[in-house]
*Asks:* 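The structure that follows is given in the form of structure tokens.
Just follow the structure's listing: the first ligand is 1, and inside any ligand the first atom is 1. Given the structure is predicted, the values throughout are model-derived calculations rather than measurements. Worth knowing before you read on, the calculation uses all heavy atoms, side chains too, and leaves out hydrogens, waters and symmetry mates.
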Amino acid sequence: MSTIEHLECLIIGSGPAGYTAAIYAARADMKPVMYQGLQPGGQLTTTNEVENFPGYPQGVTGPEMMMQLEEQAKRFDTDIRSGFITKVDFSGDIHKCWTENGTEIHAETVIISTGASAKYLGLESEQKYLKLGGGVSACAVCDGFFYRNQETIIVGAGDSACEEAHYLSKLCTKVTMLVRRDEFRASKIMAERVMKTPNIEILFNTETLEVLGDGQLVTGARVQNIQTKEERTIPATGFFVAIGHQPNTEIFKDFIDLDETGYIKYEQPGSSKTNVPGVFVAGDAADRTYRQAITAAGTGCMAALDAERYLAAKHS
Ligand code: NDP
């Protein structure tokens with residue numbers, strides 16, 4: 001018979017939100033256990049230089065920052081485990097969670113900090129060069145540096161795509177932006193900035209048919225104008241995708257209120273509470289707007305404080 005582990009505080013996910021929650025929860029003697037998830041350290045581990053996190057005047061690499069956060073959480077005895085939660089049952093007072101190897105956990109409080117993942121087009125050729133590390137990326141700010149003085153392509157028409165296209169335009173000789181409709185989704189100011197940038201060419205009504213490469217590295221893309229059906233090949237060494245993010249909330253959907261795109265809804269503005277008492281959320285799993293390491297860390301702190309108060313009220 002499998003044993004059940006009883007915890008005061010379970011933290012699911014190990015980005016800046018999870019580690020900050022762990023530091024606060026451990027210091028409050030809640031003996032938190034963290035399951036790191038499929039990508040220990042979260043999205044920042046795919047980032048090069050982080051220059052906008054206060055307290056690092058010289059900047060820090062994403063992986064280094066995550067190692068430091070892990071070290072800080074361990075210093076206060078957070079039990080950090082590799083592995084991930086595959087199933088939850090939040091129907092009762094005790095929150096049941098199962099790990100990938102079948103361990104059953106009964107937690108009084110759960111902090112969800114599972115983050116979000118970048119969306120991709122899903123083309124076979126795109127996935128091939130993504131896995132090879134050969135020139136497909138979903139983060140221009142992370143990887144743009146590698147394409148200095150080269151030509152790149154970016155797919156998308158939202159604020160992220162505009163922001164990233166503009167970022168790339170400062171590094172690259174030319175940026176081709178592929179917009180699938182005849183208009184931007186981005187705010188007017190962001191779209192105008194892109195349209196005014198001389199080395200950004202915008203192709204409206206254009207979809208990607210195939211990412212082209214030499215077997216190792218991207219060499220361009222074959223695209224089609226969906227109105228005229230005309231096909232053309234665009235040379236590029238970097239193929240960037242900026243078509244939004246998918247919050248990692250699938251396993252919670254039967255119990256936790258999500259919005260129409262899967263982000264967890266806060267039960268109460270200005271708190272980390274979800275609709276389930278004792279379950280809190282921090283970071284990108286509930287943040288479609290800011291998505292920054294510092295905002296994730298801030299909400300991680302809120303979640304641990306809310307969890308502490310919940311436990312105090314429950315046991316008083
Ligand atoms: P959005 O969901 O706003 O935009 C996604 C874009 O990708 C849309 O233009 C969409 O096209 C396009 N797209 C989706 N799927 C495909 C596909 N398969 N092929 C081609 N194109 C596709 O995501 P963002 O990440 O841009 O923004 C998310 C949120 O964050 C927004 O609220 C945004 O305002 C905010 N944000 C704000 C910033 C700022 O203010 N500085 C910076 C970055 C983000 P279509 O329009 O046709 O649906």
*Asks:* Mind checking whether Val155 contacts ligand 1 via backbone (N, CA, C, O), side chain (CB onward), both or neither, at a 4.0 Å heavy-atom cut-off?
*Replies:*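 Looking at Val155 and ligand 1, just side chain atoms fall under 4.0 Å.
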*Asks:* What protein heavy atom sits nearest atom 8 (C) of ligand 1, and how far away is it?
*Replies:*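 Sorting protein heavy atoms by distance from atom 8 (C) of ligand 1 puts Arg185 NE, 3.6 Å first.
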*Asks:* Going by the atom numbers of ligand 1, which of them fall below 4.0 Å from some non-hydrogen atom of Ser160?
*Replies:*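 Answer for ligand 1: 24 (P), 25 (O), 26 (O), 27 (O), 43 (C), 44 (C).
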*Asks:* For the pair Asp29 and Lys31, find out whether any cationic side-chain nitrogen is under 4.0 Å from an anionic carboxylate oxygen.
*Replies:*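 Salt bridge: yes.
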*Asks:* Using a 4.0 Å cutoff against the non-hydrogen atoms of Arg288, which atoms of ligand 1 qualify?
*Replies:*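 Here the atoms of ligand 1 in question are 29 (C), 30 (O).
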*Asks:* Between Glu108 and His315, is any side-chain donor less than 3.5 angstrom from a side-chain acceptor?
*Replies:*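 Checked: Glu108/His315 side chains pair up, N/O donor to acceptor below 3.5 Å.
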*Asks:* What pairs with Arg81 under salt bridge (charged side-chain N to carboxylate O under 4.0 Å, His left out), at least two apart in sequence or on another chain?
*Replies:*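 Expected list: Glu5, Asp79.
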*Asks:* Can you list the steps and then say if Arg75 with Glu71 is a salt bridge (charged side-chain N to carboxylate O under 4.0 Å, His left out)?
*Replies:* CA-CA 6 Å; Arg75 184 177 148 213; Glu71 211 177 290; over 6 Å; no
*Asks:* Of the side chain and backbone of Leu121, name the one, both, or neither that has a heavy atom under 4.0 Å from an atom of ligand 1.
*Replies:*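 Contact part for Leu121 vs ligand 1: side chain (C-beta onward).
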*Asks:* Give the atoms of ligand 1, by number and element, whose distance to some non-hydrogen atom of Arg291 is under 4.0 Å.
*Replies:*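 Every atom of ligand 1 under 4.0 Å from some heavy atom of Arg291: 25 (O), 28 (C), 29 (C), 30 (O).
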*Asks:* Around atom 23 (O) of ligand 1, find the nearest protein heavy atom and jot down its residue, atom name and distance.
*Replies:*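 The protein heavy atom lying closest is Gly244 CA, 3.8 Å.
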*Asks:* Show which atoms of ligand 1 fall inside a sub-4.0 Å distance from at least one heavy-atom site of Gly158.
*Replies:*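 By the 4.0 Å cutoff, the relevant atoms are 4 (O), 6 (C), 9 (O), 26 (O).
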*Asks:* Mind checking whether Glu163 has an N or O less than 3.5 Å away from an N or O of ligand 1?
*Replies:*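 Yes; at least one N/O pair falls below 3.5 Å.
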*Asks:* Among all protein heavy atoms in this structure, tell me which lies nearest to atom 36 (N) of ligand 1, with the distance rounded to 0.1 Å.
*Replies:*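 Closest protein heavy atom to atom 36 (N) of ligand 1: Asp159 CB, 3.7 Å.
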*Asks:* Any donor-acceptor pair under 3.5 Å linking the side chain of Ser113 with the backbone of Ala17?
*Replies:*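 No; judged by distance alone, with no hydrogens or angles, the pair does not exist.
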*Asks:* Checking ring-ring contact (aromatic ring centres under 6.0 Å, His included) between His95 and each of Phe255, Tyr310, Phe90, which is the one that passes?
*Replies:*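 It is Phe90; the other options fail the test.
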*Asks:* What protein heavy atom lies closest to atom 22 (C) of ligand 1? Include the residue and the distance to one decimal.
*Replies:*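 Going atom by atom, the protein heavy atom closest to atom 22 (C) of ligand 1 ends up being Ile243 CG2, 3.4 Å.
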*Asks:* Counting heavy atoms only, name the option from Arg180, Lys119, Arg181 that's nearest to atom 10 (C) of ligand 1.
*Replies:*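 Nearest heavy atom to atom 10 (C) of ligand 1 lies in Arg180.
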*Asks:* Keeping to residues at least two apart or across chains, list the salt bridge (Lys or Arg N to Asp or Glu O under 4.0 Å) pairs with something in residues 284-306.
*Replies:*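 Non-adjacent pairs meeting salt bridge (Lys or Arg N to Asp or Glu O under 4.0 Å): Asp259-Arg288, Glu260-Arg288.
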*Asks:* Is the backbone N or O of Gly262 less than 3.5 Å from a side-chain atom of Thr249, with the two atoms forming a donor-acceptor pair by type?
*Replies:*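 Pair found, side chain donor or acceptor close to backbone of Gly262.
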